[in-house]
Number of protein chains: 2
Amino acid sequence: MELTTEEKIIEAARKIFTQKGFSATRTRDIAEEAGINLALLNYYFRSKQNLFQIIIEEKFDELFGIINPILSNREISLEEKIETLVTNYTNLLLENEDLPFFVLSEIKSNEFIIKRVKQNAEILSQPVIESQLKERGFTTSSFNFIMNIMSLTLFPFMSKPLFVSSGLIKEEEFARFITERKKDIPTWVMNTLK
Amino acid sequence: MELTTEEKIIEAARKIFTQKGFSATRTRDIAEEAGINLALLNYYFRSKQNLFQIIIEEKFDELFGIINPILSNREISLEEKIETLVTNYTNLLLENEDLPFFVLSEIKSNEFIIKRVKQNAEILSQPVIESQLKERGFTTSSFNFIMNIMSLTLFPFMSKPLFVSSGLIKEEEFARFITERKKDIPTWVMNTLK
DNA sequence: TTTTGATTTAAACAAGTGATTAAAACAAAT
DNA sequence: ATTTGTTTTAATCACTTGTTTAAATCAAAA
């Protein structure tokens, strides 16, 4: 492989942290996954917390960086916004199934991320959506609008382990199920507007 | 207080485990919260894992015990089922906001719970729903039906820390927001049927 | 070749954490 | 009052885990 030691560690940290979360991850697991000596991890990143911070910020951007550019653009219609958001999210999450669970669970406990969310509050606060809804005569709040898109799109990934282990859906069918849903969600969301 | 030592420990374990999850919880935290000596915890429950098992099973039942009795009852119409489920869930979760996050996150790693989910597969597998949908001429799958109810109802609780720390909604407004949503979700779900 | 600085390793430290032990305190029964 | 079994405590063990240290290896420069 062509990766530097630093990159190998990051890569391994990405994998283990997103799978198990901060607390359940041991630095030794990361070192082993990266195929390097444990001390190297501290040589390059000083501490577990430090390394984690890099990953959680990266993943936070991955999960929420999508939203604002789309929602805040007045040139894009409501319908297109939903469609684009759902498509982008679905594609992203199919490649990174642990992402929403990981980010949302660490937001609860990570002081730094909480601050960062406060700063990027505009990420989700959407006067543009508010006015687009009003123009079309819809009285639904933009918060409900955003909540519904995210609920219908993210929740299936967060609950996948439940439904797979219950046998209600098989691992191999999941991607197909999600891909079908992707087509329906925009209509469903439009139907929530009144 | 009127609680026995055993109950005090369970109570404390409930609180700390559901807040922080298995890994991030230290037995000393539970002991302190319960106001008892650390050794007592092991005297009564042998191990952290043992105590945890009691809590996770209890919480699992709390979260999923609701579903089957309602969905599998042929006497209850689709509309009533959605309405009842959403109402019950909303009330339950308003009192226990960490519940869905806790249960879903531990399902990923708890071998015993995974087995238990397999056993209670009928919990979610719903031939009754399937036939009720068919009778009404709807072609939507029962899986999508269940997924949509749960997405719209559970996700807001799972993402609450995000939206609160982003400032999009205030802690005090949340219960109100959820209570309003509760009225709308049944209509929204019915509109997903086709 | 020697030197110098960066990289890597093996070993161990220090604190944290789940669990145990042995003795003390307590309560109920005799 | 004494005995007996239960409950509680203080102390400590054994192991895990994040981190450090000091030495070894390597690569590039002089």
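By convention in this document, chain letters (A, B, ...) are assigned in the order of the sequence lines, proteins followed by strands, and residues within each chain are numbered from 1.
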Using modelled atom types only, decide if a donor and an acceptor are shared between the side chain of [X] and the backbone of [Y] within a distance under 3.5 Å.
| X | Y | result |
| --- | --- | --- |
| A/T153 | A/M150 | no |
| A/E57 | A/I113 | no |
| B/T18 | B/D98 | no |

Separation of C/dA22 atom P from B/N42 atom CG, nearest Å, is 16 Å

Between NZ of A/K8 and C1' of C/dT7 the distance, given in whole Å, is 12 Å

Exercise for the section: Tell me whether the centres of the aromatic rings in A/F143 and B/F163 are closer together than 6.0 Å. Expected result: yes

For nucleotides 24-29 of chain C, 5' to 3', base contacts (B), sugar-phosphate-only contacts (S) and non-contacts (-) with protein non-hydrogen atoms under 4.0 Å give ------

Within residues 31-41 of chain B, the residues having a heavy atom closer than 4.0 Å to DNA chain C are B/L38, B/A39

Numerically ordered, the residues 43-54 of chain B set in heavy-atom contact under 4.0 Å with DNA chain C is B/R46, B/S47, B/K48

Residues at least two apart in sequence or cross-chain that pass ring-ring contact (aromatic ring centres under 6.0 Å, His included) with B/F157, listed by chain then number, are B/F174

Taken in chain and number order and not counting sequence neighbours, the residues that satisfy ring-ring contact (aromatic ring centres under 6.0 Å, His included) with A/F155 are none

By salt bridge (charged side-chain N to carboxylate O under 4.0 Å, His left out), A/R26 pairs with (sequence neighbours left out) A/D29

The salt bridge (charged side-chain N to carboxylate O under 4.0 Å, His left out) partner of B/E33 among B/R28, B/K20, B/K15 is B/K15

Min and max contacting nt of DNA chain D in 5' to 3' order, chain B heavy atoms within under 4.0 angstrom, are D/dT6 to D/dA10

Review point. Is the CD atom of A/E83 crowded by more than 12 outside heavy atoms at less than 6.0 Å?
Key: no

Restricting to side-chain hydrogen bond (donor to acceptor under 3.5 Å, both in side chains), what partner residues turn up for [X], sequence neighbours left out?
| X | answer |
| --- | --- |
| A/N191 | none |
| A/E11 | A/R14 |
| B/E180 | B/R176, B/K183 |

Test for a donor-acceptor pair under 3.5 Å between the base of C/dG18 and the side chain of B/R28, counting only N and O atoms.
-> yes

Using 30° and 60° as the class boundaries, would you call the ring planes of A/F17 and A/F52 parallel, tilted or perpendicular? perpendicular

What residues 14-26 of chain A contributes to the DNA chain D interface at heavy-atom separation below 4.0 Å is A/T25, A/R26

Contacts satisfying salt bridge (Lys or Arg N to Asp or Glu O under 4.0 Å) that involve residues 144-166 of chain A (not counting sequence neighbours) are A/E97-A/K160, A/K160-A/E171

Step by step, would you call A/Q19 with B/K108 a side chain to side chain donor-acceptor pair (under 3.5 Å)? CA-CA 9 Å; A/Q19 261 173 25; B/K108 292 198 295 184; over 6 Å; no

